[in-house]
Structures are given as structure tokens and as C-alpha cells.
Amino acid sequence: MTDLFSPLDLAGIALRNRIGVAPMCQYSAANDGRPTQWHLAHLMHLALGGAALVIVEATAVTPEGRISPGDLGLWDDSLIEPHAKLAAAISAAGAVPGIQLGHAGRKASRNAPWLGGPAEPSWEVIGPSAVAFGDFATPKAMSDADIADTLKAFADAAIRAVKAGYRFIELHGAHGYLIHQFLSPLSNTRNDAWGGDFAGRSRFAREAVAAVKAVLPAGVALGIRFSHTDWVPGGWTTEETVQLCADLKPSVDLFDISSGGLHHEQKIVLGPGYQVPGAKAVREGTGALTTAVGLITEAEQAQAIIAEGSADMVLMARALLRDPFWPIRAAQSLGKSGAVPVPPQYERGWHGANKPPMELAVGEPMPAL
Ligand SMILES: Cc1cc2nc3c(=O)[nH]c(=O)nc-3n(C[C@H](O)[C@H](O)[C@H](O)COP(=O)(O)O)c2cc1C
């Protein structure tokens with residue numbers, strides 16, 4: 001039985017346990033896509049908590065592909081250096097730095113959720129077809145040239161991500177963003193080679209994977225996040241997800257299985273671990289490394305997902321915002337104190353000044369700012 005705290009070999013990259021930080025938009029970048037002090041503190045804190053992999057939020061491959069004006073970007077070489085600071089901080093805290101690359105397509109040009117509504121000023125959005133998401137702006141249907149440019153933008157952003165020091169590149173193929181928009185017949189009504197049947201609708205995803213894979217050196221792993229279902233009749237299905245993952249397996253090191261986000265009339269059946277069945281279907285159908293995500297909040301629950309073989313890793317988002325030290329607490333509550341080491345600077349907070357230290361994570365000196 002595999003343990004939550006056992007290491008995982010991700011295409012030659014050693015992960016210290018099976019817990020990862022899911023990508024989480026912070027809508028806190030400068031308006032030119034540059035990370036801010038917020039990102040440094042946020043990501044480093046999450047890495048200090050003991051997770052093995054920290055995936056930086058959806059980072060736009062073009063300015064038009066941003067969900068909001070506050071999205072991170074990697075569309076220009078000037079953005080490499082500030083991202084290198086984020087990757088170095090995550091590494092210095094003992095986690096593997098990853099990044100999610102995305103394009104929001106028809107869901108671009110919005111405000112941060114706490115403001116709501118369209119971005120001001122807004123910009124023209126593009127998508128596979130001129131079909132809007134709910135009451136959002138209707139996108140311009142992408143031309144062949146738009147498609148070629150966007151695929152190149154994914155590859156160019158991946159090159160920059162590698163230069164910045166990220167060791168895991170995840171493509172955002174979920175939650176109703178551009179790659180997902182091509183997959184689903186609800187948002188892709190094209191009748192050319194980029195739409196129609198499963199092969200046509202999945203072509204953009206396949207070509208994005210191929211374009212990025214071609215530029216990744218050894219030692220950098222490739223992942224992709226999919227929504228395994230749209231939760232809408234007539235939408236993208238779990239069966240199609242499994243088939244696509246099986247087809248992509250030779251190029252992809254990790255499948256991150258989420259759900260929904262494509263259609264405003266989705267009816268999600270929420271509950272603890274509600275997306276785990278999707279991850280399990282992909283893992284069983286492909287034999288590939290797979291992560292589960294979504295309402296994973298309890299130590300026993302996470303341990304069971306790994307031990308039962310439903311997934312190879314768990315990714316967590318909201319529970320880690322509430323408590324970045326969840327991995328250390330989970331190890332303690334499962335009677336495995338020390339399985340997730342405590343940063344030595346924080347040791348007295350966990351064990352008291354006069355008690356002997358337990359397992360400490362003594363890493364390289366932190367880089368100076
Ligand atoms: C603040 C916040 C921002 C998010 N941003 C992203 C994102 O950038 N990319 C993505 O794929 N999912 C994003 N998500 C979804 C999470 O990665 C995760 O799949 C979802 O929250 C379910 O996991 P949880 O129940 O552990 O929170 C975000 C979630 C939250 C709470």
C-alpha cells in the first residue's frame with residue numbers, strides 16, 4: 001500500500017511526498033503580468049508547509065489570454081527574471097516549483113472575483129467558436145493563424161518557464177479555459193479540422209502538448225489538467241478524458257484531473273473528494289501518474305486516496321490557504337510525526353523550546369532579496 005508521505009518519482013524529479021499545492025490564481029500581479037511581493041510570500045509560505053510540489057497559478061501565455069488584468073504572465077522574456085525569484089523561493093523551501101500555463105479564451109478579460117464583472121478596460125476575447133460563456137462577451141472565432149500563434153505562445157512560455165527554473169509545467173486544459181473550450185462540443189461548434197468529432201475537438205490539446213513537449217529538456221516534467229466532465233448533458237465526458245489521456249500518455253508525465261467550469265448551467269454534485277472518481281478512471285484507464293483534487297481536506301481521506309490507488313498524488317487548494325502547514329499536521333494526526341519535516345526556524349513553534357527537535361528540514365541558505 002502506498003503511503004501519503006512516501007516519495008514519488010515524477011519523470012526523474014524526486015517529490016518528497018504525495019501532497020501538492022494546486023494552482024491558485026491570486027489576481028495580484030502587476031498589470032504587465034509581473035509577479036509581486038504577494039506571490040513571493042504566498043508561494044513560499046505554502047512550500048514551507050511541507051507540500052512536495054507547489055504549482056504556481058494559471059499564468060497567461062499571451063496578454064489576451066489573461067483571466068483578469070491581475071494574472072501572472074510569461075509572454076515576454078522580461079518576465080523570466082521575476083518568475084525565477086518565485087521558483088527559487090519555492091525550491092529553497094524544499095518543494096519542487098511548478099507552474100500552470102494557460103489561456104482563458106472566451107473566459108478572459110474579467111475582473112478579480114472580489115470585484116466581479118468585465119475587466120476595465122476590457123479587451124477582445126477569442127475562442128474556438130463565437131459562442132459566449134453565459135453572459136460573458138462573445139469571443140471572436142479563432143482563425144488558423146490565431147490557432148498557430150497561440151500554440152506557439154504556449155511553447156514560448158514553456159521555454160521561459162524552464163529558464164525561470166520551474167521543473168514541472170502544467171497546461172491548463174480544464175475549467176472552461178481555451179484548451180477545454182476546444183474539447184467540449186458545447187463551446188466548440190467548428191466544422192473544420194479543429195472541431196467536430198473527438199479527434200477534431202481534441203486536436204488543439206494534442207498540439208499544445210506536442211508543442212510544449214518539444215521544448216522541454218530532460219529534468220522538467222509535463223502535466224496537463226483536464227476537467228473530466230462538464231457536468232452538462234451533451235458536454236465533454238469522462239470517457240473522452242480517459243481516451244485523450246491514454247493518447248497523450250507518451251508525452252505527459254502527470255494528469256491532473258478536475259471537472260467543470262465550461263458551462264454556466266453545470267450541475268456539479270459536490271461532496272468530499274467529488275472529483276476523485278475522475279482521477280481514478282484516468283489512472284486505471286491509462287496506467288499514468290494521476291493526481292486527484294477537489295474537497296480533499298482530511299488527513300485520513302488523503303491517505304485513503306493514495307493507499308487505495310485512486311490517485312498517485314493529491315493536490316489541495318482551499319485547505320492549504322486556511323492552513324499551509326496542513327501536511328505537517330496531517331503527518332502528526334496519522335501518527336507519522338516527522339514524515340513532513342518542520343522548518344528549523346519554526347521548530348520551537350511545533351515542539352517547544354526545550355524539547356528535542358524532531359525531523360527538521362534544513363535546506364540550502366535562502367537567497368537574499
Ligand atoms: C483562490 C483559488 C484560485 C484558483 N485558481 C486556479 C488556477 O489558477 N488554476 C486552476 O486550474 N485551478 C484553480 N483553482 C482551483 C483549484 O486548483 C482546485 O482545483 C479547487 O479549488 C478544488 O480544490 P480544493 O477543494 O482543495 O480547493 C483555484 C481555486 C482557488 C480556491
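First listed ligand is number 1; within each ligand, the first listed atom is number 1. The figures that follow rest on heavy atoms only: side chains count, while hydrogens, waters and symmetry mates do not.
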(request) Measure the shortest side-chain to side-chain distance between Trp236 and Leu244 over non-hydrogen atoms and say whether it is less than 4.5 angstrom. (result)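 Side chain of Trp236 against side chain of Leu244, heavy atoms only: contact under 4.5 Å found.
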(request) Flag the pair Arg66 and Asp71 as a salt bridge only when some basic side-chain nitrogen lies within less than 4.0 angstrom of an acidic carboxylate oxygen. (result)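 No, Arg66 and Asp71 are not salt-bridged.
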(message) What I want to find out is whether Arg160 reaches Asp76 closely enough, with some N-O distance under 4.0 Å, to be called a salt bridge.
(response)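 No.
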(message) To check your reading of the model: name the closest protein heavy atom to atom 29 (C) of ligand 1, its residue, and the distance in Å.
(response)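 Answer for atom 29 (C) of ligand 1: Met24 CG, 4.0 Å.
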(message) Among all the protein's non-hydrogen atoms, which is closest to atom 21 (O) of ligand 1, and how far away is it?
(response)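 Residue, atom and distance for the closest contact: Ala317 CB, 3.5 Å.
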Numbering as shown, the atoms of ligand 1 that approach [X] to under 4.0 Å (heavy-atom distance):
X      : result
Leu295 : 24 (P), 25 (O)
Gln100 : 7 (C), 8 (O), 9 (N), 10 (C), 11 (O)
Val293 : 18 (C), 19 (O), 23 (O)
Ala22  : 17 (O)
Ala58  : 8 (O)

(request) List the atom of Ala104, the atom of Tyr177, and the distance in Å for their closest heavy-atom pair. (result)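 Minimum heavy-atom separation between Ala104 and Tyr177: CA-CD2, 3.5 Å.
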(request) Measure across Ser310 and Val276 and return the closest heavy-atom pair with its distance rounded to 0.1 Å. (result)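 The pair with the smallest heavy-atom distance is CB-CG1, 3.6 Å.
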Check the angle between the aromatic planes of [X] and [Y] and answer parallel, tilted or perpendicular using the 30° and 60° thresholds.
X      : Y      : result
Trp38  : His42  : parallel
Phe204 : Phe182 : parallel
Phe226 : Phe255 : parallel

Could you tell me whether some N/O pair between [X] and ligand 1 is separated by less than 3.5 angstrom?
X      : answer
Leu321 : no
Cys25  : yes
Leu315 : no
Arg318 : yes
His172 : yes

(request) Kindly identify the option in Pro23, Ser259, Pro272 whose heavy atom sits closest to atom 14 (N) of ligand 1. (result)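 Selected option, by shortest heavy-atom distance: Pro23.
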(request) Determine, considering heavy atoms only, which of Met316, Arg225, Gln275 sits nearest to atom 12 (N) of ligand 1. (result)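 Residue with the shortest heavy-atom distance to the ligand atom: Arg225.
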(request) Report yes or no: does Gly294 have a heavy atom closer than 4.0 Å to ligand 1? (result)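 Contact check Gly294 vs ligand 1: positive.
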(message) With no hydrogens and no angle check, just 3.5 Å: does a side-chain donor-acceptor pair link His264 and Asp135?
(response)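 Result is no, nothing qualifies.
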(request) Would you confirm whether the ring centroid of Tyr166 sits within less than 6.0 angstrom of the ring centroid of His83? (result)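 That pair passes the under 6.0 Å test.
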